[in-house]
Amino acid sequence: MTTASASRTLPHPDREEIRLEDVLHALSDPMRLRIVRELAADGDELSCSQFELPVTKSTTTHHFRVLRESGVIRQIYRGTAKMNGLRRDDLDDLFPGLLDALLAAAARQSARLGDG
């Protein structure tokens, strides 16, 4: 691997390293939960630029890093785009039903509060 391509590889926890408290912390933030809801609804990879979040670019970058480092999402470069995908298989294997329950609760809350 060349230095250029090595510098474009982002660190992710292995499945066995993903911890429940890290996942719950990552999903406790409204912006990060919004990102995960969009990824779950899309069912595929989305580039960072496809998210319209009401925060600065540096804050957006921080949110994606927290999600990646907790094991909630996987980020990979495809050309110049950083693509994001939900690690649903890993999360469902480690914590069966957790992601679906959180997404359903978030949808109910959003409908109740009229924010999304």
Side-chain angles (χ1 to χ4, degrees):
M1 182 181 298
T2 66
T3 303
S5 63
S7 67
R8 297 188 45 90
T9 301
L10 300 164
H12 296 83
D14 291 332
R15 179 188 291 215
E16 299 75 32
E17 298 172 325
I18 297 173
R19 298 177 53 96
L20 178 61
E21 55 270 31
D22 294 338
V23 171
L24 293 175
H25 168 75
L27 296 176
S28 70
D29 181 272
M31 286 300 115
R32 293 193 290 263
L33 185 56
R34 180 172 168 175
I35 291 167
V36 170
R37 289 181 70 199
E38 287 186 38
L39 286 170
D42 186 75
D44 200 12
E45 292 179 341
L46 296 172
S47 70
C48 292
S49 64
Q50 289 178 270
F51 293 87
E52 294 182 24
L53 303 176
V55 295
T56 64
K57 184 175 180 179
S58 63
T59 301
T60 299
T61 300
H62 166 76
H63 287 312
F64 279 105
R65 188 182 80 242
V66 170
L67 288 167
R68 176 176 44 82
E69 290 177 352
S70 68
V72 174
I73 67 169
R74 182 167 304 283
Q75 289 185 305
I76 57 168
Y77 281 99
R78 296 206 194 284
T80 59
K82 190 186 293 183
M83 301 303 292
N84 304 279
L86 192 56
R87 291 180 68 174
R88 182 177 277 282
D89 289 346
D90 289 338
L91 295 172
D92 287 348
D93 182 56
L94 293 167
F95 316 112
L98 177 67
L99 187 58
D100 288 333
L102 287 170
L103 291 169
R108 285 190 304 275
Q109 174 176 281
S110 181
R112 179 173 48 90
L113 299 177
D115 64 359

Would you tabulate the side-chain donor-acceptor contacts of residues 23-30 under 3.5 Å, counting partners in other chains and residues two or more places apart, or write 'none'?
residue: S28; atom: OG; partner: H25; partner atom: O; Å: 2.7
residue: D29; atom: OD1; partner: M31; partner atom: N; Å: 2.8
residue: D29; atom: OD1; partner: R32; partner atom: N; Å: 3.2

| message | What verdict does the side-chain contact (heavy atoms from CB on, under 4.5 Å) test give for D42 and Q50, after you've listed the backbone C-alpha separation in whole Å, the side-chain angles of each residue and the deciding distance to 0.1 Å? | response | CA-CA 11 Å; D42 186 75; Q50 289 178 270; over 6 Å; no

Return each pair, listed once, that meets salt bridge (charged side-chain N to carboxylate O under 4.0 Å, His left out) where at least one residue sits in [range]; pairs must be two or more places apart or across chains.
range           : result
residues 44-54  : E45-R78
residues 61-73  : R65-E69
residues 93-105 : R15-D93, R88-D100

Linking I/L/V/M/F/W/Y whenever their side-chain heavy atoms sit closer than 4.5 Å, directly or via other members, would [X] and [Y] fall into one cluster?
X   : Y   : value
L91 : L46 : yes
L39 : L98 : yes
L53 : V36 : yes
L86 : L20 : yes

| query | Rounded to the nearest 0.5 Å, what separation is found between the CZ atom of R37 and the CG atom of L102? | reply |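 One gets 11.5 Å once the value is rounded to the nearest 0.5 Å.
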
| Rounded to the nearest 0.5 Å, how far does CG of L99 lie from CG of D90? |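 D90 atom CG to L99 atom CG measures 11.5 Å (nearest 0.5 Å).
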
| field | Test salt bridge (charged side-chain N to carboxylate O under 4.0 Å, His left out) applied to R112 - qualifying residues, sequence neighbours left out | value |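 Testing R112 for salt bridge (charged side-chain N to carboxylate O under 4.0 Å, His left out), a comparison that skips the adjacent residues, returns none.
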
| task | Mind checking salt bridge (charged side-chain N to carboxylate O under 4.0 Å, His left out) for E21 and listing every partner two or more places apart, or none if nothing turns up? | result |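 Applying salt bridge (charged side-chain N to carboxylate O under 4.0 Å, His left out) to E21 gives R19.
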
| query | Does Q109 have any side chain to side chain donor-acceptor pair (under 3.5 Å) partners at least two apart in sequence or in another chain, and if so, which? | reply |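 For Q109 there are no side chain to side chain donor-acceptor pair (under 3.5 Å) partners, ignoring immediate neighbours.
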
| field | Set of side chain to side chain donor-acceptor pair (under 3.5 Å) partners for T61, sequence neighbours left out | value |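 T61 satisfies side chain to side chain donor-acceptor pair (under 3.5 Å) with no other residue.
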
Taking every non-hydrogen atom, the tightest pair across [X] and [Y]:
X    : Y   : result
L103 : A40 : CD1-CB, 3.6 Å
H12  : I73 : CD2-O, 3.8 Å
R87  : P13 : NH1-O, 2.9 Å

| request: Under the side chain to side chain contact (heavy atoms under 4.5 Å, CB included) rule, collect the residues that match up with T56, sequence neighbours excluded. | output: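 Partners of T56 under the side chain to side chain contact (heavy atoms under 4.5 Å, CB included) test: S58, T59.
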
| query | Between the main-chain N or O of I35 and the side-chain N or O of E38, is there a donor-acceptor pair closer than 3.5 Å? | reply |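 No.
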
| said: Working note: C48 + K57, criterion side-chain contact (heavy atoms from CB on, under 4.5 Å); need CA distance, chi angles, decisive distance, verdict. | reply: CA-CA 10 Å; C48 292; K57 184 175 180 179; over 6 Å; no

| said: Filter on ring pair (Phe, Tyr, Trp, His ring centres under 6.0 Å), then keep only pairs touching residues 51-70, sequence neighbours left out; what's left? | reply: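 Those involving residues 51-70 are F51-F64.
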
| query | Does any non-hydrogen side-chain atom of L67 lie less than 4.5 Å from one of N84? | reply |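 Not touching, per the 4.5 Å side-chain cut-off.
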
| message | Who clusters with I76? Use side-chain heavy atoms, under 4.5 angstrom, across I, L, V, M, F, W and Y, and order the result by chain and number. | response |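 Answer for I76: M83.
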
